[in-house]
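The structure presented is a predicted model; accordingly, all values stated were derived computationally and were not measured.
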Amino acid sequence: MFQTIRRRLFQLLLWFAAGSVVLVLLFRWVPPPGSMLMVERKIESWIDGKPIDLKRDWHPWEEISDDLKVAVIAGEDQKFAEHWGFDVPAIRAALAHNERGGNLRGASTLSQQVAKNLFLWSGRNWLRKGLEVWFTGLIELFWPKQRILEVYLNSVEWGNGVFGAEAAAHHHFGTSAARLSRQQASQLAAVLPNPRVWSASRPSGYVARRGGWIRRQMAQLGGSGYLQQL
C-alpha cells in the first residue's frame, strides 16, 4: 500500500510539473484570460456578501506607457533586468529585518509577483512559497523579461476589482494606459504595495512623496532607455 501511494504521488507530481510547464509556455504567447488573484478576490466578495465588479482589459506591450513600465521597475524591482527571478541580497536584508521584529518586509521581484498573482494564492505559508519558487523559475526560463513585465502590467491589482494597466488608467485618471503621464505613472507605481487602501488619483502625503521618489529613481535608471535591456 505504501509503495502504491508513493507511486501515485510521484505520478501526480510529474503531471503537475508537466502541466505547469505547458501552461507557462502557453502564456509565453497567449494573453492569460485572468489570474488566480482575480479568482481569490471574487471568492472573497461572495463570502463577505459584497459584490465586486472585476475590471481588466489586456493591452499589449506597445499600448502601455513606457513611463509606467519604468515607474513599476523603479518602485518595485530596480534589478529586474539583472536577476534571474530572485534578488538574493534583498531577500537576505528582508530576512535580517524580519528577525529583528516589527513590520514584516518582503523582497519579491516582479517575476515572483507574476508567479504568485497568476498561478497561486495569497499567504505566507511554505507550500505557497515553494510553488512560487517553482513558477518563478519556469517564467524566467521560458519568458523574456519584456514578456514578464507585460504580463505583470496586465495582471497586477490597482484597486478594488481593478486589474491591469488599462483598467487602472481609466479608473484613476480617465485615460488609457498608453497616454499616462510620467506623474500619473509614478503615482500608480507608488500605490502597488497596498493598492486597495492607497489611491493613485487621490494620493495621501505618503503616496505623493513616494511618487516623487519613484520619479527620481526613473531618471537615475535612464528613463525609457532602461527598457532596451529587456
Side-chain angles (χ1 to χ4, degrees), residues 34-38 40-42 44-45 48 50 52-59 63-80 87 90 94 103-118 120-124 148-221 223-224 226-227:
S35 70
M36 287 304 297
L37 181 59
M38 294 175 69
E40 185 176 332
R41 294 291 184 248
K42 197 67 175 178
E44 286 176 353
S45 74
D48 296 339
K50 299 177 181 178
I52 186 172
D53 181 22
L54 300 180
K55 303 179 183 70
R56 179 178 180 267
D57 185 11
W58 177 279
H59 275 232
E63 297 178 15
I64 300 175
S65 161
D66 282 354
D67 282 329
L68 183 60
K69 298 166 188 172
V70 180
V72 166
I73 292 171
E76 294 290 298
D77 185 4
Q78 294 192 13
K79 296 182 180 179
F80 177 61
D87 187 346
N103 293 332
L104 290 177
R105 177 189 297 175
S108 292
T109 62
L110 292 178
S111 304
Q112 288 176 269
Q113 293 182 49
V114 169
K116 181 188 70 173
N117 292 343
L118 201 58
L120 304 172
W121 64 94
S122 301
R124 293 180 176 271
I148 295 173
L149 185 57
E150 181 184 33
V151 173
Y152 177 89
L153 290 169
N154 277 286
S155 305
V156 69
E157 187 175 32
W158 256 305
N160 287 317
V162 180
F163 292 86
E166 185 68 15
H170 281 284
H171 177 78
H172 290 288
F173 301 112
T175 188
S176 68
R179 295 179 177 274
L180 287 167
S181 69
R182 187 165 174 265
Q183 180 165 348
Q184 290 169 340
S186 66
Q187 288 176 206
L188 282 171
V191 304
L192 283 174
N194 202 352
R196 294 202 289 174
V197 174
W198 299 340
S199 171
S201 52
R202 298 183 299 277
S204 63
Y206 172 77
V207 170
R209 290 192 299 273
R210 179 170 164 79
W213 176 83
I214 287 174
R215 290 192 292 278
R216 292 191 295 273
Q217 296 302 304
M218 291 168 66
Q220 290 185 17
L221 287 173
S224 60
Y226 177 92
L227 301 175

Could you measure the distance from the [atom1] atom of [X] to the [atom2] atom of [Y]? Nearest 0.5 Å is fine.
| X | Y | atom1 | atom2 | value |
| --- | --- | --- | --- | --- |
| L192 | Y152 | CG | OH | 4.0 Å |
| L180 | D66 | CG | CG | 11.5 Å |
| F163 | M38 | CZ | CE | 5.5 Å |
| Q78 | T109 | CD | OG1 | 13.5 Å |
| S186 | Q217 | OG | CD | 12.0 Å |
| D77 | I148 | CG | CD1 | 10.0 Å |

So which atom in [X] and which in [Y] form the shortest heavy-atom distance, rounded to 0.1 Å?
| X | Y | answer |
| --- | --- | --- |
| L120 | M36 | O-CB, 2.9 Å |
| I64 | A165 | CG2-CB, 4.4 Å |
| S108 | Q112 | CA-OE1, 3.5 Å |
| L118 | S155 | CD1-OG, 4.2 Å |
| W198 | P193 | CZ3-CB, 3.9 Å |
| H172 | S201 | O-CB, 3.0 Å |

For this session: Before giving the answer on salt bridge (Lys or Arg N to Asp or Glu O under 4.0 Å), spell out for R41 and E157 the whole-Å C-alpha distance, their side-chain angles and the decisive distance to 0.1 Å.
Result: CA-CA 10 Å; R41 294 291 184 248; E157 187 175 32; 2.8 Å; yes

For this session: Before giving the answer on side chain to side chain donor-acceptor pair (under 3.5 Å), spell out for E166 and S176 the whole-Å C-alpha distance, their side-chain angles and the decisive distance to 0.1 Å.
Result: CA-CA 6 Å; E166 185 68 15; S176 68; 4.9 Å; no

Could you check whether any side-chain heavy atom of [X] comes within less than 4.5 Å of a side-chain heavy atom of [Y], counting everything from C-beta outward?
| X | Y | value |
| --- | --- | --- |
| L153 | W58 | no |
| W121 | K116 | no |
| I73 | L227 | yes |

Exercise. Is it true that R196 and E44 make a salt bridge, defined as a side-chain N closer than 4.0 Å to a carboxylate O?
Worked result: yes

Exercise. Any Lys/Arg nitrogen of E76 or R210 sitting under 4.0 Å from an Asp/Glu carboxylate oxygen of the other?
Worked result: yes

For this session: Under the side-chain contact (heavy atoms from CB on, under 4.5 Å) rule, what do S122 and L37 come out as? Steps first, then yes or no, please.
Result: CA-CA 8 Å; S122 301; L37 181 59; 4.1 Å; yes

For this session: Examine distances only and state if a side-chain atom of Q184 and a backbone atom of S181 form a donor-acceptor pair shorter than 3.5 Å.
Result: yes

